[in-house]
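One structure is given here, and the rest of the page talks about it.
Being a predicted model, the structure only gives us computed values, none of them experimental. Chain identifiers are assigned alphabetically (A, B, ...) following the order of the sequence lines, protein sequences preceding nucleic acid strands; residue numbering begins at 1 within each chain.
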Amino acid sequence: MEVLFLISALVCVLGTLILLTQRNAVYALLGLLIAFFGSAGVFRALDAPFIAVAQILIYAGALAVMFLFVLMFTDTRTQLDALGVPGAVGARPVYKPGQERKQGEAALKFNPLEHILLPQPLAAVVAVAFLLCVSFAIYKLPPSFNEFGPLPAGYDSLVFTPGVEQGRNLPYGSTEAVSKTIFEGFPLAFEIVSLLIFAAILGAVLLARRHLAGIPGSQDAGREATGTDEAH
Amino acid sequence: MLEPKTVLFLAALLFSAGLYGVLSRRNMILMLMCLELMLNAVNIALVTYSRHWAGRGADVFSSHSGQFFTLMVMAVAAAEVGIGLAIIVAIFRRKHTADADSAAELRN
Amino acid sequence: MFMNLPLEFWLFAVPLLPLVGFLINGFFGRNLAPQTSGAIAASSVACAFLIAVGLFVGPLQKAEIHAQSIGWMATAGLNINLGLYLDELSGLYMLIITGIGALIHVYSIGYMSHDEGHWRYFAYLNLFVFSMLMLVLGDSLLTMFLGWEGVGLCSYLLIGFWYKDLKNTNAGMKAFIVNRVGDFGFMVGMFLIFWHFGTLSYAGPDGLFMSMRHAAAAGNIDHSLLNWAGLCLFVGACGKSAQIPLYVWLPDAMAGPTPVSALIHAATMVTAGIYMLARMNFVYVHAEHAMTVIAIVGASTALFAGTIGLVQRDIKKVLAYSTVSQLGFMFLAAGLGQFGLAVFHVFTHAFFKALLFLGSGSVIHSLEHTLGHGNPDSQDIWKMGGLKKKMPVTCWTMFIGCLALAGIPLTSGFFSKDAILFSAMHRGDSLGMVLYGMGLAGALCTAFYTFRMFSLTFLGNWRGNEAAYAHADESPASMSVPLVILAVFALFAGFLWLPPAFHTLGIHSNSLESWLAPIWVHGQLAMPADSLLRIPTSHDEAAIAAEWMNIGISSVVAVVMSFFGFAVYSKAGNLEKVKSLAIRDGRPTFLYGMLLNKYYVDELYDLVIVRPLKVISEVLFLVVDVVIIDLICVSGSAALVKAGSDLGRRIQTGFVRHYLYAFAVGAIVLTAVFLVIAQRRP
């Protein structure tokens with residue numbers, strides 16, 4: 001278990017590093033994918049095989065594909081991120097006071113605040129501060145967090161399975177134990193989440209639809225903007 | 001020996017890394033990816049607690065509620081990514097960029 | 001099918017029907033024809049009247065009805081239900097209001113048929129009836145106050161009905177403001193009652209009735225507090241029922257349409273004060289000083305308004321002052337403890353005063369055809385005369401009304417007024433005799449000016465515009481039929497309560513007295529036997545003899561003064577002599593001038609109250625309004641907010657990243673604070 005955890009944690013960190021450093025969005029997504037697989041390994045190491053499988057199915061499978069799809073769907077230029085470097089491909093040029101730039105239909109004026117908060121060093125400071133805070137909190141956890149206790153032999157099953165003796169036959173983290181928790185412990189939350197996902201589906205369809213009658217910027221404005229874009 | 005504190009530190013590390021990414025990136029799609037990383041870190045912490053309480057003799061619901069909430073987070077994250085990406089697509093149609101700083105109409 | 005509905009339903013239907021009429025006319029009346037909106041309004045009140053009659057002759061004969069319904073407000077120690085309470089007193093009032101109200105509504109259909117604001121008029125009229133019914137039927141003082149304010153509002157709306165004329169709106173405002181003064185007194189009185197009894201509801205085991213009886217039985221009645229409460233409530237009654245010193249609004253209230261005057265003077269509004277006194281009789285019988293004040297104010301008002309009425313030229317003003325005067329009689333009766341007689345006078349007065357107002361409205365209506373709407377000549381009795389030939393129905397019904405108002409024997413007004421005068425005489429102390437004298441003088445004036453008005457209007461020769469006389473004609477049936485109905489009642493209503501002296505003749509008719517008797521029980525029970533406020537139950541021979549004497553005196557006074565007024569003003573030749581008596585060398589004589597200017601009371605109020613108020617208001621306006629409120633509070637706070645938001649909006653950069661920074665830093669700070677707190681904890 002420890003070996004699995006160590007390897008998985010390393011994979012996680014590696015994926016995260018790729019995600020944070022790659023300018024190309026597709027590579028960054030690959031890093032994220034690696035990190036997801038790593039955390040699936042962590043879940044397995046923590047005796048949660050069902051969560052590990054769900055992690056791979058949902059995150060590594062569905063979400064990553066969705067990201068990839070949207071990356072393809074948008075412009076190739078947006079696949080590169082400037083990381084705040086002036087003059088990089090796809091970056092917004094840093095403009096000087098008094099200078100105005102036409103972007104889309106909105107003319108943006110120079111805003112000094114935009115330059116006061118330098119992106120990367122400040123972000124690093126904030127992130128490290130947060131890490132220190134939380135690490136201190138973890139360090140201060142009570143001694144009971146120094147080691148995982150032994151897993152119980154199993155939990156009572158309510159479902160009668162032929163040939164299996166009743167009682168103490170559900171191992172921790174098994175699919176049946178998790179589903180027992182879902183359907184007997186938190187059925188209402190489960191149903192509400194299904195509603196939420198349904199609403200999200202409708203919302204995503206509505207937002208991403210190209211033809212929105214009567215809404216500015218959905219069809220006509222888009223076409224117009226495309227024209228100006230091509231003129232560049 | 002696998003310690004809960006070690007795993008929690010890994011979660012904190014991933015979370016901070018995600019925070020750094022969200023703050024430093026300007027591409028909205030990449031920001032969303034880093035956000036997913038943060039959520040994933042939370043999931044690791046939740047599963048850790050789940051395992052912790054299972055080792056302390058909790059009953060089936062208490063010891064699995066951490067895993068249950070991990071599933072909830074996954075579902076909510078899926079919904080969030082769906083909506084978020086749809087918004088990004090809509091913004092991209094208008095602005096022809098996925099730069100988060102380009103959508104600054106709420107200023108002043 | 002409807003018979004199975006509970007009594008509470010029918011009781012609620014009585015006030016709610018006019019409310020429904022108000023809503024229909026108020027929301028949709030603009031598109032309705034005058035006849036339609038009038039028919040809706042009149043039928044709603046007429047239906048209410050039919051239900052009221054049904055309740056009166058049926059269930060009310062067995063027991064009073066208490067319909068508790070909606071919880072209105074509930075606080076610690078005070079629970080007000082918006083319930084209705086129907087007993088003998090409120091039942092009688094309910095009949096008067098809906099019955100006469102229905103007649104006035106029918107009359108109004110004819111009167112307002114040419115007015116473009118007819119729907120507004122009928123809506124207000126219905127709301128008026130609704131408010132008055134709530135006042136009367138409410139089961140607590142607070143519900144009464146709701147109706148009390150409602151009639152105040154409606155009188156304001158109706159007096160200023162022809163709002164395009166500034167004079168009318170001013171009259172409406174005057175009525176409202178003077179009533180507010182009274183309402184203040186009413187509220188203070190209500191608070192005192194609540195303080196003493198801990199409740200405002202009448203009925204029920206915890207209600208005022210039973211609380212009073214318990215307090216009396218336990219002997220812990222706070223007489224001083226009840227005196228103050230009674231006085232404060234009386235101030236409210238003064239405002240509503242036009243007593244000195246708050247009577248000034250009523251004569252000005254003539255600015256509204258004439259049927260409104262009839263409604264205000266006969267069926268609603270002004271009788272509210274009497275109702276309140278009668279309802280709270282159990283308080284007043286223990287407040288002797290307040291009762292003395294009420295009696296003196298009542299008698300003074302009766303005399304005072306009667307003398308002013310002698311010289312008025314406007315036909316409606318004459319009637320207005322006669323109302324004030326008759327209300328004075330009612331308050332005199334109440335102040336003497338004879339609440340039943342006060343209610344009896346309200347009852348008879350409702351008929352003949354409604355009749356007189358509607359009759360005068362008929363005259364004005366027919367003259368306005370030629371003279372034009374709002375022409376003061378159409379109301380000036382000096383510019384009338386000889387209308388008997390043109391308007392026979394109006395003339396004869398008005399004649400009956402005048403008989404009743406003047407107190408000619410055997411008419412309704414005679415019985416009620418005579419009984420009041422007798423109870424003053426019978427009181428047995430010097431104050432009683434003074435009150436009797438004042439009342440008799442008031443009755444004397446009343447008889448005189450009543451027939452002065454009648455003679456100048458209907459007898460003699462026409463003195464005004466010839467064309468108006470030529471076109472004057474009897475009013476339509478919708479106006480004349482109510483007149484006839486009211487005339488019948490004005491003649492015979494008095495027979496419901498004949499004085500005890502008549503019993504010696506073998507005529508026993510006192511159904512109204514015995515009907516109302518249960519109302520006074522709560523008050524009379526705990527009274528000392530020698531109290532001057534006790535309602536006499538038996539009459540010895542001396543009392544009967546005194547009563548016969550009183551009847552004789554009143555009859556002689558009424559007949560002689562009526563004949564005098566009749567004789568002086570019906571002959572054209574006498575008019576010049578009367579004028580020369582009043583006006584010498586082109587200037588009015590002192591007495592005439594005093595009376596004509598109503599003892600300069602309006603001018604006095606103007607000098608003492610209105611002008612100082614205006615000066616203070618001016619100063620307050622300049623200092624408080626302009627500088628403190630407008631400049632500092634309003635503009636200052638607006639400028640502050642603007643400056644603050646000018647600063648604050650710069651924080652909103654619109655860049656998502658910046659919001660995220662704020663978010664992250666906030667999370668870090670919260671975590672740090674949480675950690676520090678956790679460290680501090682042992």
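Only the backbone of B:Asp59 has a heavy atom closer than 4.5 Å to any heavy atom of chain A. Residue B:Ala11: no heavy atom, backbone or side chain, is found under 4.5 Å from chain A. Proximity to chain B is absent for every atom of A:Ser194, based on heavy atoms less than 4.5 angstrom apart. Contacts of B:Leu10 with chain A are made by side-chain atoms alone, with heavy-atom separations under 4.5 Å and no backbone atom involved. Neither the backbone nor the side chain of B:Glu80 comes within less than 4.5 Å of any heavy atom in chain A. Residue A:Leu29 touches chain B through both its backbone and its side chain, counting heavy-atom pairs closer than 4.5 Å. No part of A:Ala62 comes within reach of chain B, as not one of its non-hydrogen atoms sits under 4.5 angstrom from that chain. In this structure, the portions of B:Ser63 lying under 4.5 Å from any heavy atom of chain A include both its backbone and its side chain. Contacts between B:Thr48 and chain A at a heavy-atom distance below 4.5 Å involve backbone atoms as well as side-chain atoms. Both the backbone and the side chain of A:Leu151 come within contact range of chain B, with heavy atoms under 4.5 Å apart. At a 4.5 Å heavy-atom cutoff, the contact between A:Ile138 and chain B is made by backbone and side-chain atoms alike. For A:Phe50, the part lying under 4.5 angstrom from a heavy atom of chain B is the side chain only. Proximity to chain A is limited to the side chain of B:Leu14, based on heavy atoms less than 4.5 angstrom apart. Both the backbone and the side chain of B:Arg51 come within contact range of chain A, each with at least one heavy atom under 4.5 Å from a heavy atom of that chain. Heavy atoms of B:Val7 lying under 4.5 Å from chain A belong to its backbone as well as its side chain. Of the atoms belonging to A:Phe5, it is side-chain heavy atoms, and not backbone ones, that fall under 4.5 Å from chain B.
With values rounded to the nearest 0.5 angstrom, B:Gln67 atom CD is found 4.5 Å from A:Ile51 atom CD1. For the atom pair B:Met74 CE and A:Leu57 CG, the distance stands at 9.0 Å (nearest 0.5 Å). Distance check: B:Lys5 NZ to A:Ser135 OG gives 12.0 Å after rounding to the nearest 0.5 Å. To the nearest 0.5 Å, atom CG of residue A:Leu46 and atom OG of residue B:Ser50 are 8.5 Å apart. Remark: A:Met66 CE to B:Ile29 CD1 distance equals 11.5 Å, nearest 0.5 Å.
Aromatic pair A:Phe190/B:Phe68: centroids not less than 6.0 angstrom apart.
Your options are A:Ala54, A:Ala35, A:Ala129, A:Gly203, and the one with the most heavy-atom pairs under 4.5 Å with chain B is A:Ala54. Taking chain B as the reference chain and counting heavy-atom pairs below 4.5 Å, the highest number among A:Tyr172, A:Tyr139, A:Phe69 is found for A:Tyr172. By number of non-hydrogen pairs under 4.5 angstrom with chain B, the leading residue of A:Phe198, A:Phe186, A:Phe36 is A:Phe186. Note on B:Thr70, B:Asn43, B:Leu19: by heavy-atom pairs under 4.5 Å with chain A, the leading option is B:Asn43. Note: A:Ile182 leads A:Ile182, A:Val42, A:Ile197 in heavy-atom pairs under 4.5 Å with chain B. The choice from A:Ala45, A:Gly15, A:Ala9, A:Gly173 that makes the most heavy-atom pairs within less than 4.5 Å of chain B is A:Gly173. Among A:Val178, A:Val134, A:Val128, the residue with the largest count of heavy-atom pairs under 4.5 Å with chain B is A:Val178.
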**OP:** Please assess A:Leu122 against B:Leu23 for the test side-chain contact (heavy atoms from CB on, under 4.5 Å), listing each intermediate value before the final yes or no.
**Re:** CA-CA 9 Å; A:Leu122 196 67; B:Leu23 290 176; over 6 Å; no
**OP:** Apply side-chain contact (heavy atoms from CB on, under 4.5 Å) to B:Leu37 and A:Leu20, showing your working.
**Re:** CA-CA 11 Å; B:Leu37 189 67; A:Leu20 293 184; 5.6 Å; no
Original post:
Given B:Tyr20 and A:Phe130, is the ring-ring contact (aromatic ring centres under 6.0 Å, His included) satisfied, shown in steps?
Top reply: CA-CA 10 Å; B:Tyr20 168 77; A:Phe130 186 83; over 10 Å; no
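The aromatic rings of B:Tyr49 and A:Phe145 lie perpendicular to each other, with more than 60° between the two planes, well past the 30° mark.
In terms of heavy atoms, A:Phe148 sits closest to B:Leu2 at CD1-O, 3.6 Å.
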